[in-house]
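What follows is one structure encoded as structure tokens, with my remarks underneath.
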Amino acid sequence: MTGLYIGGAWGPAADGATFATLDPAEATVITECAEAGPADVDRAVAAARAALDDPAWAELPAAARARLLWKVADLVEEHADELAELETRDNGQPLAVARNVTVPGTAEHFRYFAGWCTKIEGSVLPVSYPDTLHYTRREPVGVCALITPWNFPLMIAAWKLAPALACGNTVIVKPAEQTPLTTVRLVELMALAGFPPGVVNLLTGGPETGAALAGHAGVDKISFTGSTSVGRSLVHASADNLKRLTLELGGKTPSIIAADADIDAAVAGNVQGALFNSGQVCAAYSRFYVDRKRADEFTSKMAAAADALKVGPGLDPATDLGPLISEDHLMAVDAHVRSALYDGAQLVTGGRRAEGPGFFYRPTVFAEVTDAMAVAREEVFGPVIPVLAYDDPDEIAGRANGLEYGLAASIWTNDLSTAHRLAARIRAGAVFINMIHVPDAATTWGGYKASGWGREMGPYAIDAYTEVKGVWTHLGRV
Ligand code: NAD
């Protein structure tokens, strides 16, 4: 049983409620977790508000804040094997992904933002009033609610915790109900690192816990990663006290394969781009626009590469693709596959559940997909690869931009002008040319249009977690 962490103390929910978290490879319960209710949300917000003004945090020198974040990175690395295995059990991702991506990505995020603590600066600006000194200060936004999804639980928690704390905010983190365990462990490690009580708080629970937190008048900012539909509800929930919002939402990343592309390299990259974490990635390449001259070759090679991947439990070292997160999610992915078949897409491989007690699904490739089909328009968030053909390169930016999403895009070509002309025309927060989607703490992550508001990572995260204040001083005699 795991608890809530409020004001520096662990404990159960006020009403004793709990929920179970499952191992998706075995479909068995791993443990029970405390389910925070409104009374716990009130207490966490009060603790975070008190910590905001506590000199132990508010007056802590920036260099000392940096050392705390650096210490978290060290502790994550010291506990790397344990965290990786826990992530694999709770989320299903292959252990190699947890070891080589999740855990190092988490540690690096804390180190990158440790570096920022001592570099958050204002400016002296040349206002036009005579005898006036004007400068800006960057100050913490306040109490930040950090609400995360289940697909990369530990890493996405770090994407929010590290910059929020680097900027001097206090936080309440609420992991997804499907995958709370690595966030619980991370918060234990953060407590060991020595943050003053109330600076970091943890509430576990589901949508109701998240909604209570999001609607709370004592919260100044929500940073949310999850579905576009919940993102929209948070816009409403934040209207009363006009909370600051960072929204990292859904996507439907187009991958464009030009006639001149190196098809074997494109297949290797796109299989990864589509199927990494079993396609449960917000930026997953999930609609493939291939020059008609290369479409058959690309499709058959993608199908062969997808078929060669071993689907199995994440803890098995031979596994390439782990399970989907839940039975419900598997049924939703399967419904997308059925709808593609109904719409007339041609199934090349997959299209069905794989054996096992857990929530395994075969990687699936469709040919003859058209822009109107739901499988080419809606986020599937699973191992499904719809291939569409194009005839005229000039039509492709318009087709890529034709959906409400704008998180990422990918372009495969050996022609520099094709690559950069398309990169400029596509309305998405990240464009990957001849490579798989990767996040990096040093640069922007976030979406255009219904893929979100604001940006995480890099200097953009500092903007997201600070308010800017202008200070005016009249220098003449009063
Ligand atoms: P979700 O929106 O269902 O849940 C995300 C989180 O919000 C969970 O912690 C959940 O408990 C909480 N929540 C649910 N309803 C809420 C409410 N009404 N108020 C407040 N909180 C609420 O998303 P999910 O299924 O966990 O994650 C998958 C989605 O996340 C996909 O759409 C994916 O594209 C998106 N995602 C986006 C990014 C990005 O960087 N843009 C990264 C990862 C995942």
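Just so you know, ligand 1 is whichever comes first in the structure, and atom 1 is the first atom listed for that ligand.
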Check the angle between the aromatic planes of Phe381 and Trp150 and answer parallel, tilted or perpendicular using the 30° and 60° thresholds. perpendicular

Where does ligand 1 get N/O contacts under 3.5 Å from the protein, atom by atom?
| residue | atom | partner | partner atom | Å |
| --- | --- | --- | --- | --- |
| ligand 1 | 2 (O) | Ser227 | N | 2.8 |
| ligand 1 | 2 (O) | Ser227 | OG | 2.6 |
| ligand 1 | 9 (O) | Thr148 | O | 2.7 |
| ligand 1 | 9 (O) | Lys174 | NZ | 2.9 |
| ligand 1 | 11 (O) | Lys174 | NZ | 2.8 |
| ligand 1 | 11 (O) | Glu177 | OE1 | 2.7 |
| ligand 1 | 19 (N) | Ala211 | N | 3.4 |
| ligand 1 | 23 (O) | Ser227 | N | 3.4 |
| ligand 1 | 25 (O) | Trp150 | NE1 | 2.9 |
| ligand 1 | 26 (O) | Trp150 | NE1 | 3.2 |
| ligand 1 | 30 (O) | Gly226 | O | 3.3 |
| ligand 1 | 32 (O) | Glu379 | OE1 | 2.7 |
| ligand 1 | 34 (O) | Glu379 | OE2 | 2.5 |
| ligand 1 | 40 (O) | Trp445 | NE1 | 2.9 |
| ligand 1 | 41 (N) | Leu249 | N | 3.3 |
| ligand 1 | 41 (N) | Leu249 | O | 2.8 |

Return the set of residues passing side-chain contact (heavy atoms from CB on, under 4.5 Å) with Pro140 (not counting sequence neighbours), or none when no residue passes. Asn169

Val387 vs Val369, side-chain contact (heavy atoms from CB on, under 4.5 Å): CA-CA, chis, key distance, verdict: CA-CA 6 Å; Val387 181; Val369 177; 5.7 Å; no

Between Ser255 and Trp412, do the side chains contain an N or O donor and an N or O acceptor separated by less than 3.5 Å? yes

Taking all non-hydrogen atoms of both residues into account, name the closest pair between Leu234 and Leu245 and its distance. O-CD1, 4.1 Å

How close do Leu275 and Ala306 get, heavy atom to heavy atom, and via which atoms? CD1-CB, 4.1 Å

